S.K.: 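Sharing a structure with you now.
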Amino acid sequence: MGTRLNFTIISLALVGCSIINGSFAYAPKIDNGLSEKLERDGYANILVSMKEGTRDLLNDLAQVSFASRRERSQAVYDALTARARNSQSRTLTWLAEPAISQTFKYGKLHSLWITNQIGIEFASRELIEKLASMDEISRIQEDETEELIHPVDSYSADANSIKVVHQWGIAEIQAPQVWASENAGAGITIASIDTGVRPTHVILRDNYVNDTHSWYDPYDETELAHDNHGHGSHIVGTMIGVNGFGVAPEAKWIACKGLRDTGTGSSVSLMRCGEFLICPTTFNGTDADCSRTPHAVSNSWGGAGGRTLYDDMIAAWHAAGIIPVFSVGNNGPNCGTVGSPGDRDVIGVGSTANDNTRSSFSSVGPSSFNTMKPDISAPGSTIMSADHRFDNTYSIRSGTNMAAPHVVGAVALLLSKNPDLSYVQIKHLLQSYADRDLQFAGSTCNYIDDNAFPNHHLGYGRMNIRRSIAALN
């Protein structure tokens, strides 16, 4: 007891000595943006990064051959959870000390094994300063608020009044021709990190995995899948919706509510969704089961380009065999408008319209890292899909967020044809066989014209899944 008391007294004394004239003695570990918020408000929601990262583990796992997807995702889960448990133990134990929790003000704690970080809500300036003094901690940054990539337009539609067999985007990428060869995505599970999903919708209900490990809500741990916004239901409908609405109508879906009903989400909650994908859990985050890892995930959220906040999560997805697909944003037509994480090591998707042009809103590269983005384009203007209000209502939306789920559905078709395809192989197949006979605006970015492929407007062109599948034969 005496040793514990002395440790607490010394810890408190260190805090008193570390704040000098209102400045941070351990400022190098504290992000500038966080320092400014603390000066202004005195507290913040934070992400605490441990000095021991995760990349060494993931690099080692990349050299291992696994007999099954389950073994692969289980190995990733086991390695990352063990690293987090060992790295975070001292910090979490210290935070749990009664004297510490009474002295320093903070809210909920979230141990993130996918990135080896700790999320802390309402952390006081004094607590952050003390954490920055600990050797095992490398960086403290604000828990950022991410935004849904909002569609540029959205309105209700009556599907019965539009006499088409397949939605125009589905026909444009020639998905029905793939179905004709008896490949509609059977055996593949895809995921959505979005505002949720209405699981009872007529075009979604039969494809929902609908078991104890198919839904997670990191905010409220709600037991049943739901969507009070509408965006998430629309996305899933384009990926797997039946009746001509989805690219892979025989694939299955699961979902994580990474965004609140307002269309915003915290980085900590989005990373908890990232964990759910690697080894899905029950609705309250227990009983992780790595036999249920989805094959691909659609994401239509993010912010300004040039950020690396989600790199470790994305690397863990790659290691677990999950194909990450992201919208690049709706901030076009100017150059350099692609956002993160769509500008990172993911399939970043731009949008095309039904007149064979790039959608005017579709964000354009190069990325802040001077890489070619988008990677591929897909139909994203005036896309009809499921609405969240009733089981038989629909809406029409436009955005790169409508284009990305076309690509996820295409990934499902590729993997249904050949489950052993890697991320690199899938990306190559989508890019190499894309359509390039399009209409061009005569724009140039980074000295590359929009009719020279690849380019920063359309990537490698508009995806054509029939041609990509044919290349596997």
Side-chain angles (χ1 to χ4, degrees), residues 146-152 154 167 169-170 172-173 175 190-195 197 231-241 245-248 251 253 255-256 258-259 263 270 273 277 294-303 305 310 314 317 322-332 337-353 358-359 361-365 373-386 397-414 423 426-427 430-431 434 458-463 465:
E146 302 294 351
E147 295 276 348
L148 173 71
I149 297 177
H150 292 280
V152 297
S154 177
Q167 295 304 308
I170 305 303
E172 193 75 57
I173 64 172
I190 54 87
S192 167
I193 296 180
D194 211 286
T195 61
V197 188
H231 187 273
S233 299
H234 196 282
I235 293 298
V236 175
T238 301
M239 292 192 288
I240 55 80
F245 284 91
V247 178
W253 65 268
C256 188
L259 302 172
L270 288 162
C273 282
L277 263 59
H295 295 79
V297 56
S298 178
N299 302 272
S300 295
W301 51 267
Y310 299 96
I314 292 167
W317 285 348
I322 301 170
I323 309 300
V325 179
F326 278 81
S327 310
V328 297
N330 298 331
N331 297 312
T337 52
V338 296
S340 290
D343 58 358
R344 303 307 291 143
D345 187 17
V346 302
I347 299 177
V349 185
S351 173
T352 59
R358 181 187 64 82
S359 303
F361 53 76
S362 188
S363 290
V364 178
K373 290 285 178 175
D375 297 294
I376 193 75
S377 294
S381 292
T382 60
I383 303 299
M384 181 185 288
S385 187
R397 301 175 185 239
S398 298
T400 58
N401 26 340
M402 281 58 256
H406 282 85
V407 173
V408 178
V411 171
L413 295 180
L414 284 167
Y423 168 77
I426 288 171
K427 192 172 180 180
L430 293 175
Q431 292 179 326
L458 295 157
Y460 280 74
R462 184 186 59 215
M463 177 183 67
I465 188 55

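Remember, it's a predicted structure, so these values are computed and weren't measured experimentally.
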S.K.: Among V236, L148, N299, find the one that has a side chain to side chain contact (heavy atoms under 4.5 Å, CB included) with D194.
M.R.: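 For D194, the side chain to side chain contact (heavy atoms under 4.5 Å, CB included) test succeeds with only one of V236, L148, N299, which is L148.
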S.K.: Between NE2 of H234 and CE of M239, what distance do you get to the nearest 0.5 Å?
M.R.: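 Reported to 0.5 Å precision, the distance equals 12.0 Å.
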S.K.: Heavy atoms, side chains only, cut-off 4.5 Å: are K427 and I323 in contact?
M.R.: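 No. Closest side-chain heavy atoms not under 4.5 Å.
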S.K.: Supply the atom-to-atom distance T352 OG1 to H406 NE2, rounded to the nearest 0.5 angstrom.
M.R.: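 Between T352 OG1 and H406 NE2, I get 8.5 Å after rounding to 0.5 Å.
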S.K.: Identify the heavy atoms of A404 and F326 that sit nearest to each other, and give their distance.
M.R.: CB-C, 4.3 Å
S.K.: Keeping the roles fixed (side chain from N330, backbone from H150), state whether a donor-acceptor pair exists under 3.5 Å.
M.R.: yes
S.K.: Name all residues meeting the ring pair (Phe, Tyr, Trp, His ring centres under 6.0 Å) criterion together with Y423; count only those two or more places apart in sequence or in a different chain, and write none if there are none.
M.R.: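 In terms of ring pair (Phe, Tyr, Trp, His ring centres under 6.0 Å), with neighbours along the sequence ignored, Y423 is linked to H318.
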S.K.: First locate atom CD1 of I173, then atom CE of M463, and finally report the distance between them rounded to the nearest 0.5 Å.
M.R.: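 Separation between the atoms: 3.5 Å.
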S.K.: Rounded to the nearest 0.5 Å, what separates atom CD1 in I193 from atom CD1 in I235?
M.R.: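 One gets 12.5 Å once the value is rounded to the nearest 0.5 Å.
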S.K.: Heavy-atom distance under 4.5 Å between the side chains of V408 and V297, does that happen here?
M.R.: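 Side-chain contact under 4.5 Å: no.
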S.K.: Mind checking the NE2-CG spacing from H295 to L277? Nearest 0.5 Å is all I need.
M.R.: 12.0 Å
S.K.: Checking W253 against V197 for the side chain to side chain contact (heavy atoms under 4.5 Å, CB included) test, could you report, in this order, the C-alpha distance in whole Å, the side-chain angles of both residues, the deciding distance, and whether it holds?
M.R.: CA-CA 10 Å; W253 65 268; V197 188; 3.4 Å; yes
S.K.: Excluding sequence neighbours, so at least two apart, what forms ring pair (Phe, Tyr, Trp, His ring centres under 6.0 Å) with W317?
M.R.: none
S.K.: Find out whether V407 and V247 are in side-chain contact, i.e. whether some heavy atom of one side chain is under 4.5 Å from a heavy atom of the other.
M.R.: no
S.K.: Could you go through the side chain to side chain contact (heavy atoms under 4.5 Å, CB included) check for I314 and V346 one step at a time?
M.R.: CA-CA 8 Å; I314 292 167; V346 302; 3.7 Å; yes
S.K.: Given 3.5 Å as the limit, does a donor-acceptor pair link the side chain of E147 with the main chain of G303, or not?
M.R.: no
S.K.: I'd like to know if the side chain of T337 and the backbone of V364 have a donor-acceptor N/O pair within less than 3.5 Å.
M.R.: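 It does hold such a pair.
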S.K.: Any chance you could lay out the side chain to side chain contact (heavy atoms under 4.5 Å, CB included) test for R344 and Y310, step after step, and finish with the verdict?
M.R.: CA-CA 9 Å; R344 303 307 291 143; Y310 299 96; over 6 Å; no
S.K.: Might you point out which heavy atoms bring T400 and V328 nearest each other, and give the distance in Å?
M.R.: OG1-N, 3.9 Å
S.K.: What distance do T195 atom OG1 and W301 atom CH2 have between them, rounded to the nearest 0.5 Å?
M.R.: 14.0 Å
S.K.: Of all heavy-atom pairs between N331 and S363, which one has the smallest distance, and what is that distance?
M.R.: N-OG, 2.9 Å
S.K.: With side chain to side chain contact (heavy atoms under 4.5 Å, CB included) as the test, would you mind laying out the steps for D375 and V349 before giving the verdict?
M.R.: CA-CA 6 Å; D375 297 294; V349 185; over 6 Å; no
S.K.: For F361 versus G399, what's the shortest heavy-atom pair and its separation?
M.R.: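 Minimum heavy-atom contact is CE1-CA, 3.3 Å.
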S.K.: Where is the tightest heavy-atom contact between T238 and S385, given as atom of each residue plus distance?
M.R.: N-OG, 3.3 Å
S.K.: Does one side chain, of N401 or H231, offer a donor that lies under 3.5 Å from an acceptor on the other?
M.R.: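 There is such a pair between these side chains.
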S.K.: Closest heavy-atom contact between G348 and K373?
M.R.: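 So the two residues come closest at N-NZ, 3.9 Å.
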S.K.: List, one per line, each side-chain donor-acceptor pair under 3.5 Å for residues 376-383, sequence neighbours excluded.
M.R.:
from, atom 1, to, atom 2, distance (Å)
S377, OG, L458, O, 3.1
S381, OG, S359, OG, 2.7

S.K.: Does some side-chain heavy atom of M402 sit less than 4.5 Å from a side-chain heavy atom of P151?
M.R.: yes
